[in-house]
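Remarks on the structure that follows.
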Amino acid sequence: VVSLSRDQVLAWLDEVYDPEVPVLSVVELGIVRDVVLGDEVVVVITPTYSGCPAMRVIEEDIVAALHSRGVPRARIETVYSPAWTTDWMSDGAKAKLESYGIAPPGRSADVGLVSLTRRSHEVVRCPHCRSLDTARKSEFGSTACKAIYACRSCLQPFELFKAI
Ligand SMILES: [Zn+2]
């Protein structure tokens with residue numbers, strides 16, 4: 001543990017994936033806020049959605065990953081403020097989501113405080129064929145953080161990772 005660096009820990013965490021979005025690591029998702037090195041390794045995280053059942057799994061996976069790298073003492077510290085936003089996802093992470101078939105979130109700043117009219121006209125691009133001719137079918141998909149859309153061009157359904 002003596003030679004352990006913060007960057008090394010972050011590199012290991014970049015191999016821990018979100019069980020609900022298996023193409024994104026916890027680092028790409030933007031939930032890892034800090035890594036504190038001392039007598040133990042403390043990973044500071046901010047949950048994506050409060051009550052998201054995947055968070056418990058993610059916490060266990062992070063500790064297990066550090067144990068497997070020879071870090072005997074590792075723990076999670078959860079910070080709720082400032083709240084996680086999809087804006088913390090990197091552009092690279094959003095591109096990965098789209099190639100995986102999930103429409104990435106738009107900027108939450110664009111949908112948050114702007115008029116509801118604009119929000120309801122949010123244009124979502126089909127991750128399969130890039131068409132903008134899409135329609136929301138359901139507010140909730142496989143998880144609460146996603147909505148179900150249908151593409152009128154290629155007729156394929158897809159999920160949108162909602163901006164928050
Ligand atoms: Zn399409």
Side-chain angles (χ1 to χ4, degrees), residues 7 9-35 43-65 68 76 78-164:
D7 285 346
V9 173
L10 284 172
W12 289 336
L13 296 181
D14 203 25
E15 293 171 16
V16 177
Y17 289 87
D18 178 351
E20 289 181 351
V21 191
V23 283
L24 294 187
S25 78
V26 294
V27 174
E28 290 171 314
L29 206 54
I31 62 172
V32 174
R33 306 311 304 152
D34 202 2
V35 169
V43 179
V44 182
I45 65 171
T46 295
T48 48
Y49 296 83
S50 57
C52 189
M55 288 311 301
R56 181 62 56 193
V57 176
I58 288 174
E59 291 177 12
E60 288 169 2
D61 286 352
I62 287 174
V63 172
S68 75
I76 301 291
T78 307
V79 171
Y80 293 95
S81 180
W84 179 82
T85 157
T86 43
D87 290 350
W88 291 355
M89 269 188 209
S90 66
D91 288 342
K94 289 177 181 174
K96 274 192 185 178
L97 267 186
E98 189 167 38
S99 54
Y100 182 66
I102 298 174
R107 300 223 13 115
S108 68
D110 295 339
V111 292
L113 297 171
V114 192
S115 73
L116 287 170
T117 315
R118 182 163 160 195
R119 182 170 199 166
S120 64
H121 289 287
E122 183 188 357
V123 175
V124 176
R125 184 169 71 173
C126 171
H128 305 298
C129 70
R130 304 288 192 265
S131 168
L132 297 178
D133 189 11
T134 61
R136 181 174 287 216
K137 292 297 175 191
S138 171
E139 188 64 30
F140 299 105
S142 59
T143 60
C145 51
K146 302 191 203 86
I148 295 178
Y149 274 71
C151 176
R152 294 196 187 95
S153 293
C154 70
L155 303 178
Q156 290 192 74
F158 65 90
E159 288 187 310
L160 164 75
F161 201 118
K162 290 186 262 186
I164 62 163

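Numbering of ligands and ligand atoms starts at 1, following listing order.
- Counting only heavy atoms from C-beta outward, the side chains of Ile148 and Arg136 never approach each other to under 4.5 Å.
- Using a 4.5 Å heavy-atom cutoff, the side chains of Arg33 and Trp88 are in contact.
- The minimum heavy-atom distance between Tyr17 and Asp61, with the atom names listed, is O-OD2, 4.5 Å.
- The shortest distance between side-chain heavy atoms of Pro105 and Met89 falls below 4.5 Å.
- At a cut-off of 2.8 Å, measuring from the Zn ion (ligand 1), the protein N, O or S atoms that fall short of it are Cys126 SG, Cys129 SG, Cys151 SG, Cys154 SG, waters left aside.
- The distance from atom CG of Leu29 to atom CG of Asp14, rounded to the nearest 0.5 Å, is 11.0 Å.
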For residues 95-102, dump all side-chain donor-acceptor pairs below 3.5 Å to protein atoms at least two apart in sequence or in another chain.
{"unit_1": "Lys96", "atom_1": "NZ", "unit_2": "Glu28", "atom_2": "OE1", "d": "3.3"}
{"unit_1": "Lys96", "atom_1": "NZ", "unit_2": "Glu28", "atom_2": "OE2", "d": "2.7"}
{"unit_1": "Glu98", "atom_1": "OE1", "unit_2": "Arg125", "atom_2": "NH2", "d": "2.9"}
{"unit_1": "Glu98", "atom_1": "OE2", "unit_2": "Arg125", "atom_2": "NE", "d": "3.0"}
{"unit_1": "Glu98", "atom_1": "OE2", "unit_2": "Arg125", "atom_2": "NH2", "d": "3.1"}
{"unit_1": "Ser99", "atom_1": "OG", "unit_2": "Ala95", "atom_2": "O", "d": "3.2"}
{"unit_1": "Ser99", "atom_1": "OG", "unit_2": "Lys96", "atom_2": "O", "d": "3.0"}

